[in-house]
Amino acid sequence: MRKYQPKHSALIVIDVAIVVLAAILTGFTVGYLSNHKIIMTLLLCLFWLIAILFAAVLLPAYFSRTVIYISPTEISMKTGIVYAKRHYMRASAVQYVSTITTFMSKYTGLNFVIFRAMGGTMVLPFLGLSDLHEIEDMMRN
(Lines give C-alpha, C1' and ligand atoms only; values in the text may rest on other atoms or scores of the structure.)
Protein backbone atom coordinates (compact mmCIF):
# COMPACT_ATOMS: atom_id res chain seq x y z
CA MET A 1 0.00 0.00 0.00
CA ARG A 2 1.45 3.34 -1.07
CA LYS A 3 0.66 6.63 0.71
CA TYR A 4 0.33 9.94 -1.16
CA GLN A 5 -0.31 13.47 0.05
CA PRO A 6 -1.06 16.69 -1.83
CA LYS A 7 2.02 18.55 -3.02
CA HIS A 8 2.90 21.58 -0.90
CA SER A 9 3.71 23.74 -3.92
CA ALA A 10 0.03 23.55 -4.97
CA LEU A 11 -0.87 25.18 -1.65
CA ILE A 12 1.60 27.97 -2.31
CA VAL A 13 0.22 28.56 -5.83
CA ILE A 14 -3.36 28.71 -4.52
CA ASP A 15 -2.34 31.05 -1.66
CA VAL A 16 -0.64 33.41 -4.11
CA ALA A 17 -3.73 33.35 -6.35
CA ILE A 18 -5.95 34.23 -3.37
CA VAL A 19 -3.73 37.17 -2.39
CA VAL A 20 -3.63 38.43 -6.00
CA LEU A 21 -7.43 38.16 -6.23
CA ALA A 22 -7.84 40.07 -2.96
CA ALA A 23 -5.45 42.77 -4.24
CA ILE A 24 -7.41 43.10 -7.51
CA LEU A 25 -10.68 43.37 -5.59
CA THR A 26 -9.06 45.98 -3.35
CA GLY A 27 -8.07 48.03 -6.40
CA PHE A 28 -11.58 47.89 -7.87
CA THR A 29 -13.17 48.72 -4.53
CA VAL A 30 -10.92 51.73 -3.94
CA GLY A 31 -11.42 52.87 -7.52
CA TYR A 32 -15.19 52.66 -7.59
CA LEU A 33 -16.20 53.26 -3.97
CA SER A 34 -13.76 55.97 -2.90
CA ASN A 35 -16.70 58.35 -2.31
CA HIS A 36 -18.36 55.89 0.11
CA LYS A 37 -15.69 55.43 2.78
CA ILE A 38 -17.69 53.21 5.14
CA ILE A 39 -18.80 50.73 2.47
CA MET A 40 -15.31 50.70 0.97
CA THR A 41 -13.70 49.99 4.35
CA LEU A 42 -16.17 47.23 5.15
CA LEU A 43 -15.62 45.55 1.78
CA LEU A 44 -11.85 45.78 2.09
CA CYS A 45 -11.98 44.22 5.55
CA LEU A 46 -14.26 41.49 4.24
CA PHE A 47 -12.02 40.69 1.23
CA TRP A 48 -8.85 40.48 3.27
CA LEU A 49 -10.48 38.58 6.14
CA ILE A 50 -11.72 35.93 3.72
CA ALA A 51 -8.33 35.81 1.97
CA ILE A 52 -6.47 35.35 5.25
CA LEU A 53 -8.97 32.76 6.48
CA PHE A 54 -8.59 30.65 3.34
CA ALA A 55 -4.84 31.13 2.80
CA ALA A 56 -3.70 30.76 6.39
CA VAL A 57 -6.25 28.46 8.02
CA LEU A 58 -8.58 26.44 5.80
CA LEU A 59 -6.34 25.42 2.90
CA PRO A 60 -3.34 24.39 5.05
CA ALA A 61 -5.70 22.32 7.21
CA TYR A 62 -7.18 20.66 4.12
CA PHE A 63 -3.74 19.90 2.66
CA SER A 64 -2.40 18.48 5.92
CA ARG A 65 -5.42 16.25 6.55
CA THR A 66 -5.72 14.79 3.03
CA VAL A 67 -4.14 11.36 2.70
CA ILE A 68 -4.45 8.98 -0.25
CA TYR A 69 -3.70 5.25 -0.07
CA ILE A 70 -3.42 3.11 -3.18
CA SER A 71 -2.82 -0.61 -3.21
CA PRO A 72 -3.30 -3.16 -6.00
CA THR A 73 -6.75 -3.99 -4.58
CA GLU A 74 -8.05 -0.70 -3.13
CA ILE A 75 -7.98 3.07 -3.54
CA SER A 76 -8.89 5.19 -0.53
CA MET A 77 -8.78 8.87 0.34
CA LYS A 78 -9.31 10.53 3.70
CA THR A 79 -9.90 14.26 3.73
CA GLY A 80 -11.82 17.00 5.51
CA ILE A 81 -11.38 20.03 7.69
CA VAL A 82 -14.23 19.99 10.19
CA TYR A 83 -15.15 16.34 9.79
CA ALA A 84 -13.31 13.44 8.19
CA LYS A 85 -14.62 12.16 4.90
CA ARG A 86 -13.43 8.83 3.53
CA HIS A 87 -13.72 7.54 -0.01
CA TYR A 88 -13.09 3.92 -0.98
CA MET A 89 -13.01 2.28 -4.37
CA ARG A 90 -11.93 -1.21 -5.31
CA ALA A 91 -9.22 -1.19 -7.95
CA SER A 92 -11.04 -3.95 -9.82
CA ALA A 93 -14.09 -1.66 -10.17
CA VAL A 94 -12.16 1.12 -11.93
CA GLN A 95 -13.22 1.42 -15.55
CA TYR A 96 -11.45 4.62 -16.62
CA VAL A 97 -8.51 6.58 -15.30
CA SER A 98 -8.19 10.20 -16.42
CA THR A 99 -5.37 12.53 -15.54
CA ILE A 100 -5.33 16.32 -15.57
CA THR A 101 -2.02 18.14 -15.69
CA THR A 102 -1.78 21.89 -15.87
CA PHE A 103 0.81 24.26 -17.28
CA MET A 104 4.09 23.95 -15.34
CA SER A 105 2.54 21.09 -13.37
CA LYS A 106 5.94 19.76 -12.37
CA TYR A 107 6.43 22.87 -10.25
CA THR A 108 2.88 23.84 -9.29
CA GLY A 109 1.52 20.45 -8.22
CA LEU A 110 -1.84 21.13 -9.86
CA ASN A 111 -2.26 17.55 -11.10
CA PHE A 112 -5.36 15.43 -10.66
CA VAL A 113 -6.19 11.76 -11.17
CA ILE A 114 -9.84 10.86 -11.78
CA PHE A 115 -11.02 7.29 -11.28
CA ARG A 116 -14.36 6.39 -12.81
CA ALA A 117 -16.25 3.27 -11.90
CA MET A 118 -19.80 2.11 -12.41
CA GLY A 119 -21.84 4.60 -10.41
CA GLY A 120 -19.01 6.63 -8.94
CA THR A 121 -16.08 8.94 -9.45
CA MET A 122 -13.09 9.61 -7.24
CA VAL A 123 -10.80 12.61 -7.73
CA LEU A 124 -7.31 12.57 -6.24
CA PRO A 125 -6.31 16.24 -5.98
CA PHE A 126 -3.01 18.17 -6.10
CA LEU A 127 -0.60 15.31 -6.73
CA GLY A 128 3.03 15.70 -7.69
CA LEU A 129 3.84 14.83 -11.29
CA SER A 130 5.93 11.79 -10.30
CA ASP A 131 3.10 10.57 -8.05
CA LEU A 132 0.63 11.01 -10.92
CA HIS A 133 2.77 8.93 -13.29
CA GLU A 134 3.31 6.29 -10.61
CA ILE A 135 -0.46 5.97 -10.05
CA GLU A 136 -1.03 5.77 -13.81
CA ASP A 137 1.51 2.96 -14.14
CA MET A 138 0.08 1.13 -11.14
CA MET A 139 -3.46 1.24 -12.55
CA ARG A 140 -2.30 0.29 -16.03
CA ASN A 141 -0.78 -2.99 -14.73
Side-chain angles (χ1 to χ4, degrees), residues 1-91 93-141:
M1 182 172 283
R2 179 95 162 93
K3 177 182 175 181
Y4 300 96
Q5 286 192 299
K7 193 170 180 181
H8 184 70
S9 60
L11 176 62
I12 294 169
V13 169
I14 295 170
D15 284 348
V16 168
I18 288 172
V19 170
V20 167
L21 179 65
I24 290 170
L25 289 173
T26 298
F28 282 128
T29 303
V30 169
Y32 289 113
L33 295 176
S34 59
N35 295 335
H36 308 286
K37 298 289 185 195
I38 295 173
I39 296 173
M40 181 184 72
T41 306
L42 289 175
L43 282 176
L44 290 177
C45 290
L46 179 69
F47 293 153
W48 285 102
L49 180 69
I50 290 171
I52 291 170
L53 179 69
F54 271 90
V57 179
L58 294 177
L59 286 174
Y62 174 79
F63 272 69
S64 67
R65 293 194 61 187
T66 299
V67 181
I68 300 163
Y69 295 101
I70 297 181
S71 71
T73 59
E74 182 180 83
I75 304 159
S76 65
M77 181 172 72
K78 178 185 165 198
T79 187
I81 297 173
V82 177
Y83 59 91
K85 185 166 57 170
R86 298 170 195 249
H87 299 276
Y88 293 101
M89 186 180 285
R90 280 185 290 191
V94 174
Q95 294 176 336
Y96 302 101
V97 178
S98 302
T99 58
I100 299 173
T101 57
T102 58
F103 177 70
M104 301 286 287
S105 63
K106 181 178 181 182
Y107 304 109
T108 61
L110 298 175
N111 303 306
F112 304 89
V113 177
I114 302 169
F115 294 110
R116 291 189 175 93
M118 185 68 85
T121 300
M122 181 184 282
V123 178
L124 307 182
F126 308 117
L127 294 168
L129 192 59
S130 61
D131 293 341
L132 179 126
H133 291 308
E134 186 177 319
I135 292 170
E136 262 184 330
D137 292 340
M138 187 183 305
M139 294 312 292
R140 195 174 296 141
N141 296 334

What is the distance from atom [atom1] of [X] to atom [atom2] of [Y], rounded to the nearest 0.5 Å?
X: Ile75; Y: Met139; atom1: CD1; atom2: CE; value: 4.0 Å
X: Ser9; Y: Asp15; atom1: OG; atom2: CG; value: 11.5 Å
X: Lys37; Y: Leu44; atom1: NZ; atom2: CG; value: 10.5 Å
X: Leu53; Y: Leu59; atom1: CG; atom2: CG; value: 9.0 Å
X: Thr101; Y: Leu129; atom1: OG1; atom2: CG; value: 7.0 Å
X: Met138; Y: Arg2; atom1: CE; atom2: CZ; value: 7.5 Å

side-chain hydrogen bond (donor to acceptor under 3.5 Å, both in side chains) pairs touching residues 102-119, sequence neighbours excluded, are Ser98-Arg116, Ser105-Asn111
Taking side-chain hydrogen bond (donor to acceptor under 3.5 Å, both in side chains) as the cut-off, I'd like each qualifying pair that reaches into residues 51-70, sequence neighbours left out, listed once.
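Every side-chain hydrogen bond (donor to acceptor under 3.5 Å, both in side chains) pair that includes a residue of residues 51-70, provided the two are not neighbours, is Thr66-Thr79.
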- Task: Begin from the C-alpha positions of Leu124 and Asp131 and carry the test side chain to side chain contact (heavy atoms under 4.5 Å, CB included) through to its verdict.
- Result: CA-CA 11 Å; Leu124 307 182; Asp131 293 341; over 6 Å; no
Does [X] have any side-chain contact (heavy atoms from CB on, under 4.5 Å) partners at least two apart in sequence or in another chain, and if so, which?
X: Ser71; result: Met1, Thr73, Glu74
X: Thr41; result: Cys45
X: Ala117; result: Met89, Ala93

Test of understanding: with side-chain hydrogen bond (donor to acceptor under 3.5 Å, both in side chains), list the residues that count as partners of Arg86, not counting sequence neighbours.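 With sequence neighbours excluded, Arg86 shows a side-chain hydrogen bond (donor to acceptor under 3.5 Å, both in side chains) to no residue whatsoever.
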Pairing residues for Gln5 by the side-chain hydrogen bond (donor to acceptor under 3.5 Å, both in side chains) criterion, not counting sequence neighbours:
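For Gln5 there are no side-chain hydrogen bond (donor to acceptor under 3.5 Å, both in side chains) partners, ignoring immediate neighbours.
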Note: Pro72 and Ala91 closest approach over all heavy atoms is O-CB, 3.3 Å
Query - Minimum heavy-atom distance between Val123 and Met77, given as atom pair plus value - result: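 So the minimum-distance heavy-atom pair works out to O-CE, 3.4 Å.
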### Residue list, salt bridge (Lys or Arg N to Asp or Glu O under 4.0 Å) with Glu136, at least two apart or on another chain
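Counting only residues at least two positions away or on another chain, Glu136 forms no salt bridge (Lys or Arg N to Asp or Glu O under 4.0 Å).
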- Under the ring-ring contact (aromatic ring centres under 6.0 Å, His included) test, which residues partner Phe126, sequence neighbours left out?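 For Phe126, the residues satisfying ring-ring contact (aromatic ring centres under 6.0 Å, His included) (neighbours in sequence not counted) are Phe63, Phe112.
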Exactly one candidate in Ile100, Asp137, Val113 meets side chain to side chain contact (heavy atoms under 4.5 Å, CB included) with Leu132; the answer is Val113
Side-chain donor-acceptor pairs under 3.5 Å in residues 18-35, sequence neighbours left out?
from	atom 1	to	atom 2	distance (Å)
Thr26	OG1	Ala22	O	2.7
Thr26	OG1	Trp48	NE1	2.8
Thr29	OG1	Leu25	O	2.7

Neighbour count >12 (heavy atoms, 6.0 Å) for atom CZ, Phe47:
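Correct, the count exceeds 12.
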